[in-house]
Undergrad: 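Mind having a look at this structure? Questions to follow.
To find a chain, count down the sequence lines: A is the first, B the second, and so on, and within it residues start at 1. Bear in mind the structure is a predicted one, so any value in this text is a computation, not a measurement.
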Protein chains: 2
Amino acid sequence: MTQTAPARGYHHGDLPNALKSAALEVIDEKGLGGFSLREVARRAGVSHAAPAHHFGDTAGLLTVLAVDALGHMRRVMAEAAEAETDPVERLAAVGRAYVRVSREHPGHCQVVFRTDLVDTDDPALVAAGLATFEVVRGVVADLAAEMNPDLDIDTATRLCWSTMQGVVEIEQKMKLHAHHSGTGLSDTDDTISAFTRMLVEGLRAR
Amino acid sequence: MTQTAPARGYHHGDLPNALKSAALEVIDEKGLGGFSLREVARRAGVSHAAPAHHFGDTAGLLTVLAVDALGHMRRVMAEAAEAETDPVERLAAVGRAYVRVSREHPGHCQVVFRTDLVDTDDPALVAAGLATFEVVRGVVADLAAEMNPDLDIDTATRLCWSTMQGVVEIEQKMKLHAHHSGTGLSDTDDTISAFTRMLVEGLRAR
DNA sequence: GTTGGATCTTTACGTTGTCAACTTGACATC
DNA sequence: GATGTCAAGTTGACAACGTAAAGATCCAAC
């Protein structure tokens, strides 16, 4: 809640951003299930109908949050990629970053894939998706340049992103392990590393 | 709506199943966003509070539907596996089946991963998840037996399921293609085939 | 035949999203 | 400085929702 404006009187100054912050607070605390426009308005200290004035409806606000989530993902993944030099380690690092962000802000990241809550045709959302795709694509392209010039980079990129998102869904939302031990953090990192190895080397014996 | 009972008078005969059918109808027509206990009750021709009597609350009913969805998935995947002999083609067929079911009944399949709507600790749900896992595991195990005895089968199985679910999320919920042509059905089948090839052969050149 | 329990209804309460009508504040123009 | 105009918020209302509690109805066993 970094209030950049006086926020006194009838006019708030920067209500849209205040509402976005409040919305993220709610989602972080109570998850997407506990999200409501009225609760957001309450936290921002405005009337219950104020959010609709700026974002139209629930989908309007959540779509903006989805764009932000994709942007955050993109930045974190780009940073993770820059920190590694070996192309395989880079892919693994990007995967770890993706899954880590998805776990640190579950609700916020889930919004991206909640097509029932979001305007999937929103240009900003589509652009944010493509921009994030480009980061993964860059990593895959570097990998291909060094290890396999014949690789279909677009397809491989989609495979990698699908796998990363699948990990978020399967490993974190389903209870497949009889003994789910500890925080599961290092477990997930190990999973990503193992998956990356298999993706690069293949399931077939060499 | 196969009504197995007279459904006359005060007692319905088999309300729980009727409610499940009605719920699937609603979800199929209006998606998970349009789902409500009251609408389900309306379709089943009972009072709005009747569902709660049998399923406790919303999560109770949806959890049962999630179990059914996993069971349906398991059966369809098992059939697809039996129809192929080559282990690689088998894996591809299972993947296609998974994605096809997920698209044919989007709402129903999404319930499985909606941890906010479902009781993830429900024993039947956990069991259904494990049973479905076993089907994929069997296919991966056969693949390993023929092509790579050293393969970590559990990890490879999780990789395959993660990828399949990731395809459902990424390819169907995000608009990454500048030109999204036609029905996208054959596109998705091609995607699965390409992904399977890459999974088996690896991203690295041989 | 009556008693008990399961099944379903009725009533009620609080919460939600969204719409329409209203008020307030700021700013530009005359 | 008065006036017009428009965006920004408020207020009030409405229908729909989930769920809890209490009442009605049927079946079955004794």
Side-chain angles (χ1 to χ4, degrees), chain A residues 3-23 25-27 29-66 107 111 114-119, chain B residues 3-23 25-27 29-66 107 111 114-119:
Chain A
Q3 51 185 22
T4 56
R8 73 196 183 290
Y10 211 91
H11 282 39
H12 182 282
D14 192 15
L15 227 202
N17 276 322
L19 289 172
K20 281 169 59 177
S21 302
E25 244 184 60
V26 175
I27 292 177
E29 281 180 29
K30 312 203 283 186
L32 259 180
F35 173 87
S36 83
L37 285 185
R38 289 175 110 105
E39 171 71 16
V40 169
R42 231 170 277 140
R43 300 218 185 188
V46 292
S47 76
H48 66 262
H53 194 273
H54 288 278
F55 297 99
D57 55 3
T58 308
L61 175 49
L62 289 181
T63 300
V64 172
L65 294 188
V111 180
R114 289 292 299 275
T115 55
D116 54 332
L117 296 180
V118 148
D119 176 16
Chain B
Q3 52 186 23
T4 57
R8 73 196 184 289
Y10 212 91
H11 281 37
H12 182 281
D14 192 16
L15 228 201
N17 276 321
L19 290 172
K20 281 169 60 176
S21 301
E25 246 184 60
V26 175
I27 292 176
E29 282 180 28
K30 313 202 285 187
L32 260 179
F35 174 87
S36 81
L37 284 186
R38 289 174 111 106
E39 172 72 15
V40 169
R42 228 170 281 140
R43 301 219 184 189
V46 293
S47 77
H48 66 264
H53 191 273
H54 288 279
F55 297 99
D57 55 2
T58 308
L61 175 49
L62 290 181
T63 300
V64 173
L65 294 187
V111 179
R114 288 294 298 277
T115 56
D116 53 333
L117 295 180
V118 150
D119 175 16

Undergrad: Can you tell me how far C1' of D/dG18 sits from CG of B/Asp116, to the nearest Å?
TA: 15 Å
Undergrad: Can you give me the closest heavy-atom contact between A/Lys20 and A/Leu61, atom names plus distance?
TA: CG-CD1, 4.2 Å
Undergrad: Can you tell me the distance, in whole Å, between the CZ atom of A/Arg43 and the P atom of C/dT16?
TA: 11 Å
Undergrad: Would you say the base of C/dT18 and the side-chain of A/His53 have a donor-acceptor pair closer than 3.5 Å?
TA: no
Undergrad: Over how many whole Å does the gap from A/Asp14 atom CG to D/dA8 atom P extend?
TA: 11 Å
Undergrad: Using the side-chain heavy atoms of A/Asp57, tell me which of these nucleotides is nearest: C/dA12, D/dT10, C/dT18.
TA: C/dT18
Undergrad: Ignoring hydrogens and angles, does a donor from either the side chain of A/His48 or the base of D/dG12 sit under 3.5 Å from an acceptor on the other?
TA: yes
Undergrad: Does B/Leu117 reach the side chain of B/Val111, with side-chain heavy atoms less than 4.5 Å apart?
TA: no
Undergrad: Show the nearest heavy-atom pair for residues B/Leu19 and B/Ala44, with the distance to one decimal.
TA: CD2-CB, 3.8 Å
Undergrad: In whole Å, what is the span from the CZ atom of B/Phe55 to the C1' atom of D/dT19?
TA: 16 Å
Undergrad: Need to verify one output field. Residue with the more 5' nearest nucleotide on DNA chain D, B/Ser36 or A/Ser47?
TA: A/Ser47
Undergrad: Figure out the CG/C1' separation between B/Leu61 and D/dC17, and round it to whole Å.
TA: 15 Å
Undergrad: Using side-chain heavy atoms (C-beta onward) and a distance below 4.5 Å, is B/Phe35 in contact with B/Leu62?
TA: yes
Undergrad: With nearest nucleotides of DNA chain C determined for A/Glu39 and A/Ala49 from heavy-atom distances, which residue corresponds to the more 5′ nucleotide?
TA: A/Glu39
Undergrad: Nearest whole angstrom, please: distance from the C1' of C/dT10 to the CZ of B/Arg42.
TA: 16 Å
Undergrad: Using only side-chain N and O atoms of A/Arg38, determine if any of them is under 4.0 Å from OP1 or OP2 of C/dG14.
TA: no
Undergrad: Of the candidate nucleotides C/dT9, D/dT19, D/dC17, which contains the atom at the shortest distance from the side chain of B/Thr58?
TA: D/dT19
